[in-house]
Protein chains: 2
Amino acid sequence: MDGAQTYQVSVNTVSENCTSCSLAAGCLPKGLPWQQWRQLDALARHPAVFVRRQRIYSQNAPFYSCYIVKSGAVKTVYINAQGQERVLGLYLPGDLFGLDGVGDGSHTCSAQALERSLICRINFADLEQHMARMPKLQRLLLQLMSDQLNAAHGLICSLSQSTAEERVVRFILELSDRYRQRKLSGTEFRLAMTKTDAANYLGLAVETLSRVLGRLRNRGLIRIQGRQLQILNEAALKAIADPSHIFLDS
Amino acid sequence: MDGAQTYQVSVNTVSENCTSCSLAAGCLPKGLPWQQWRQLDALARHPAVFVRRQRIYSQNAPFYSCYIVKSGAVKTVYINAQGQERVLGLYLPGDLFGLDGVGDGSHTCSAQALERSLICRINFADLEQHMARMPKLQRLLLQLMSDQLNAAHGLICSLSQSTAEERVVRFILELSDRYRQRKLSGTEFRLAMTKTDAANYLGLAVETLSRVLGRLRNRGLIRIQGRQLQILNEAALKAIADPSHIFLDS
DNA sequence: CGGGCGATTGACATTCATCAAGTCAAGTGG
DNA sequence: CCACTTGACTTGATGAATGTCAATCGCCCG
């Protein structure tokens with residue numbers, strides 16, 4: 001038990017079925033023929049509310065379902081034998097998570113809400129049955145897992161070949177992209193995680209993250225107060241993220 | 001072309017179709033009902049020979065197929081904009097690789113044979129069709145991707161929270177396990193990669209790897225000459241790999 | 001025999017983690 | 001409403017782990 005109560009109340013800003021959900025276009029039904037959305041509705045449970053820090057599932061728990069973020073944000077963390085936490089993923093509205101458990105039938109990491117969030121739960125056995133009948137859904141799932149694998153590989157490359165600054169800048173640009181994909185501002189947004197979590201995700205000490213952000217601010221590349229971030233010079237950031245880039249004209 | 005000929009004479013144990021392949025039990029058909037193996041035979045192309053350093057597929061190439069190692073060994077590498085190489089995976093007989101391309105339809109990394117290897121190619125479109133008809137195969141593929149994702153996450157944790165020594169030891173133990181799973185000796189085996197590649201995979205400089213291995217040898221935990229490795233004190237290695245482990249009885 | 005890659009070893013440099021203090025904001029309880 | 005606590009963040013000083021550079025060796029392969 002951790003002190004987060006368990007309100008499970010659905011909210012009328014976000015609809016309870018895929019056919020009328022404003023997120024559907026960027027969510028699981030993405031790319032599916034419209035008629036098949038109705039079938040998905042049978043799958044998805046009413047979205048449930050999770051408060052900040054509340055667990056959605058726990059490491060080592062048996063795997064029955066995967067989840068989709070409707071609103072808010074979620075992190076996945078792995079806790080090793082020494083009790084150290086390692087942040088593995090950040091999920092924003094429309095993102096599916098929880099498939100880490102398919103491998104051996106139990107979750108390999110925990111998922112926690114970073115703020116008040118609405119989460120759809122999808123029973124995996126049901127999902128599998130639908131997959132067999134809907135080739136596009138089958139493909140979608142594989143693509144999704146492949147994307148996550150590629151993201152992990154990107155992080156691996158960053159961790160072993162990049163400086164703290166490069167990692168931080170790439171993180172900022174990645175967030176920017178993801179917000180843009182969601183039709184939100186890509187130049188001004190709020191970090192969903194605490195800086196401690198963000199540093200952990202990047203394999204850095206909080207202090208290092210703090211210093212790097214300070215430096216970026218002093219150079220006039222970003223503005224940052226608290227978790228509110230604004231990108232002032234995107235080109236310069238991109239140049240840092242990809243050091244091989246040379247400005248032929250500018 | 002590079003001269004690489006390493007006759008791995010094993011051959012007649014490896015056959016051209018799944019039903020008679022000695023690897024089948026630990027390969028893709030794993031867990032499928034025997035009758036369905038024949039259907040897989042329709043999928044898999046005759047295994048092809050690749051020599052050391054030969055590419056199996058290239059980064060950015062369009063994705064049509066995935067592959068299975070029948071004999072030998074394969075590495076996948078990502079080459080960044082600066083031309084630096086990063087080793088992402090090591091694949092041994094029975095392992096499937098190449099699904100990195102499902103995401104956006106093109107491979108995100110290259111695959112290279114580490115020694116003379118036999119590789120089965122499987123057309124992905126065909127595989128997908130069979131998946132729809134064979135629920136177990138569908139599940140298997142998802143599990144496989146999940147496993148790879150979990151492996152990547154393990155590496156991420158190691159890279160950001162572990163010392164060079166811990167990483168190296170875990171790598172050795174992981175190899176040991178994988179060889180054991182293949183019914184080979186888990187205490188004495190040959191590193192499939194050069195030490196340069198292994199160091200790269202572990203996010204270390206070759207020099208560091210060399211020094212760490214030297215230290216492990218001096219402490220009598222392993223014997224190593226060239227790529228031939230022998231584990232002398234597995235318990236001690238495990239204690240290093242998982243520092244929280246305390247010997248209650250021994 | 002010669003060339004080159006892979007590996008080892010030593011000396012040195014540097015990034016980043018760690019430790020320590022202190023600020024700030026937001027609760028929380030009396 | 002004020003003292004107290006707590007968590008998130010910042011800033012500075014220091015040190016350690018590991019990368020980088022350089023020299024050398026052995027060995028495989030042409």
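Computed over heavy atoms, backbone and side chain alike; hydrogens, waters and symmetry mates excluded. Below, chain A is the first sequence line, B the second, and so on; all start at residue 1.
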_Regarding A:Tyr57 and A:Asp100, do their side chains bring together a donor and an acceptor under 3.5 Å, going by distance alone?_
yes
*Taking NZ, NE, NH1 and NH2 as the nitrogens, is one of them in A:Glu165 or A:Arg170 under 4.0 Å from a carboxylate oxygen of the other?*
no
*When you measure from every atom of DNA chain C, which of residues 157-171 of chain B have a heavy atom less than 4.0 Å away?*
none
*Going by heavy atoms closer than 4.0 Å, what residues in residues 203-214 of chain B are next to DNA chain C?*
B:Glu207, B:Ser210, B:Arg211
*Taking atom CG of B:Leu118 and atom OG of B:Ser71, what is their separation to the nearest 0.5 Å?*
3.5 Å
*Can any side-chain N or O of A:Gln59 pair as donor or acceptor with the backbone N or O of A:Ile79 at less than 3.5 Å?*
yes
*Using a heavy-atom distance cut-off of less than 4.0 Å, which residues of residues 188-196 of chain A contact DNA chain D?*
A:Thr194, A:Lys195, A:Thr196
*Hey, where on DNA chain C does chain B first and last touch, going 5' to 3'? Cut-off is any atom under 4.0 Å from a heavy atom.*
C:dC5 to C:dA11
*CG/B:Leu232 to CG/B:Leu216 distance, rounded to the nearest 0.5 angstrom?*
10.5 Å
*Quick one: CG on B:Leu92 to CZ on B:Arg178, what's the gap to the nearest 0.5 Å?*
4.5 Å
_Within this structure, what is the CG-CG distance for the pair B:Asp242 and B:Leu237, rounded to the nearest 0.5 Å?_
12.5 Å
*Going by distance alone, is a donor N or O of one side chain under 3.5 Å from an acceptor N or O of the other, for A:Arg55 and A:Ser58?*
yes
*Thinking salt bridges, do A:Glu234 and A:Lys238 make one under a 4.0 Å N-O criterion?*
yes
*In residues 221-229 of chain A, what residues come within less than 4.0 Å of DNA chain D, judged by heavy atoms?*
A:Arg227
*Point-to-point distance, once rounded to the nearest 0.5 Å, from CG of A:Leu114 to CE of A:Met193*: 7.0 Å
_If only side-chain N and O atoms count, and only distance matters, is there a donor-acceptor pair under 3.5 Å linking B:Arg167 with B:Ser162?_
no
*salt bridge (Lys or Arg N to Asp or Glu O under 4.0 Å) with B:Arg182: which residues, sequence neighbours excluded?*
B:Asp95
*Tell me whether the centres of the aromatic rings in A:Tyr91 and A:Tyr67 are closer together than 6.0 Å.*
no
*Flag the pair A:Lys75 and A:Glu85 as a salt bridge only when some basic side-chain nitrogen lies within less than 4.0 angstrom of an acidic carboxylate oxygen.*
yes
*Judged by modelled atom types alone, do B:Asn60 and B:Ser106 share a side-chain donor-acceptor pair under 3.5 Å?*
no
*Roughly, in whole Å, what's the span from CZ in A:Arg52 to P in D:dG7?*
11 Å
